[in-house]
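Only heavy atoms go into these numbers, but all of them, side chains included; no hydrogens, no water, no symmetry mates. Everything numeric here is computed off the predicted structure, so don't read it as measured data.
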Amino acid sequence: NKGMKEKPFYLRIKEKILDDIKKGNIKPGDILPSEWALAKKYGVSRGTARLALTELVNDKIAYRVQGKGTILFENLKVVNGKIIKKTENIAFIQHGVSLTGSIYAKIFESIEKESRKYGFKIWFVSLEEVSRNFLKKILEQVEGIIYIGVQNQFFFPIIKKSGVPTVSVLYDLEGFD
């Protein structure tokens with residue numbers, strides 16, 4: 001293929017890795033070969049191999065962990081020969097706690113920033129502002145809940161019945177495992 005030969009080596013290596021992902025040889029969550037391993041396998045410099053891995057990071061296919069390597073995101077899947085990222089939704093539910101200028105605002109900002117890196121979308125929900133039916137609709141669309149606030153006898157049964165994994169920041173939620 002003439003077009004393939006004209007591409008820089010790092011892009012060719014990137015495409016070979018993408019092909020391995022599409023074929024299922026490399027799976028979501030796997031650690032990709034190191035820069036040294038790629039350099040040796042393809043007869044290129046470590047810098048060229050690093051560029052290939054950096055391309056995958058920039059394309060949000062993988063992320064780097066110092067001391068561990070470059071890792072494929074867990075939420076990747078192959079559909080019709082294309083690699084796509086499935087976005088997971090997490091509800092950050094607060095009730096009876098002010099987030100303005102508090103430590104809880106910092107907690108929320110940190111959770112949102114880190115979650116975005118891994119393909120999660122955070123939905124902020126204030127129980128003071130939603131109805132029970134609206135909460136039920138939200139719970140149908142999220143894969144996890146982070147709850148911060150006071151215990152609430154009206155909303156807790158709805159959350160528990162949803163079966164959505166829930167973490168409470170302040171309290172042990174009665175009836176939650």
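Rounding to the nearest 0.5 Å gives a distance of 11.5 Å between CZ of F134 and CG of L127. To the nearest 0.5 Å, atoms NZ (K40) and CH2 (W36) are separated by 11.5 Å. The line from CD of E35 to OG1 of T70 is 6.5 Å long, rounded to the nearest 0.5 Å. Going from atom NZ of K16 over to atom CD1 of I13 covers 9.0 Å, rounded to the nearest 0.5 Å. Distance CG/N25 to CG/D30: 10.0 Å, rounded to 0.5 Å. Remark: S162 OG to E140 CD distance equals 9.5 Å, nearest 0.5 Å.
Nearest heavy atom pair, residue V164 against residue E143, reads CG1-C, 3.8 Å. The shortest heavy-atom contact between E55 and L11 is OE1-CD2, 3.8 Å. Taking each heavy atom of G29 and E74 in turn, the nearest pair found is CA-OE2, 3.3 Å. Scanning all heavy atoms of the two residues, the minimum distance from S34 to L53 falls at C-CD1, 4.5 Å. Closest of all the heavy-atom pairs between A49 and V44 is N-CG2, 4.3 Å.
V78 and I71 end up in the same hydrophobic cluster when Ile, Leu, Val, Met, Phe, Trp and Tyr side chains are linked at under 4.5 Å. Connection of V57 to L38 is not established within any shared hydrophobic cluster, with ILVMFWY side chains joined at heavy-atom distances below 4.5 Å, either directly or through further cluster members. Put simply, I31 and L72 are part of the same group of oily side chains (I, L, V, M, F, W, Y) that touch within less than 4.5 Å, one to the next.
When atom types are taken as modelled, the side chain of S115 and the backbone of E112 share no donor-acceptor pair closer than 3.5 angstrom. The main-chain N or O of A39 is never found under 3.5 Å from a side-chain atom of R46 such that the two would form a donor-acceptor pair. The backbone N or O of I26 sits nowhere less than 3.5 Å from a side-chain atom of D20 that would complete a donor-acceptor pair.
Inspection of the T54 and R64 side chains reveals an N or O donor paired with an N or O acceptor under 3.5 Å.
Residues F73 and I83 have side chains not in contact (no heavy-atom distance under 4.5 Å, counting atoms from C-beta outward). Two residues are said to be in side-chain contact when any heavy atoms from C-beta on lie closer than 4.5 Å; I159 and I93 meet this criterion. No side-chain heavy atom of I107 sits less than 4.5 Å from a side-chain heavy atom of I146. A 4.5 Å side-chain heavy-atom check between I61 and I17 finds every atom pair outside the cut-off.
Within 6.0 Å of OH on Y42 lie more than 12 heavy atoms contributed by other residues, nucleotides or ligands. Atom NZ of K60 has 12 or fewer neighbouring heavy atoms from other residues, nucleotides or ligands inside a 6.0 Å radius. More than 12 heavy atoms of other shown residues, nucleotides or ligands fall within 6.0 angstrom of atom CH2 in W123.
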Set out, in order, the CA-CA distance, both residues' side-chain angles and the distance that settles side chain to side chain contact (heavy atoms under 4.5 Å, CB included) for L139 and I145, then state yes or no. CA-CA 9 Å; L139 295 175; I145 298 169; 3.3 Å; yes

Can you check side chain to side chain contact (heavy atoms under 4.5 Å, CB included) on L18 and L56, steps first, answer last? CA-CA 9 Å; L18 291 173; L56 295 169; 3.7 Å; yes

List the steps and the verdict of side chain to side chain contact (heavy atoms under 4.5 Å, CB included) for V125 and Q94. CA-CA 6 Å; V125 180; Q94 73 85 28; over 6 Å; no

What do the steps show when you test I111 against F120 for side chain to side chain contact (heavy atoms under 4.5 Å, CB included), and what is the final call? CA-CA 10 Å; I111 290 170; F120 290 91; over 6 Å; no

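Aromatic ring pairs are classed by plane angle as parallel below 30°, tilted from 30° to 60° and perpendicular above 60°; the pair F124 and F108 is perpendicular.
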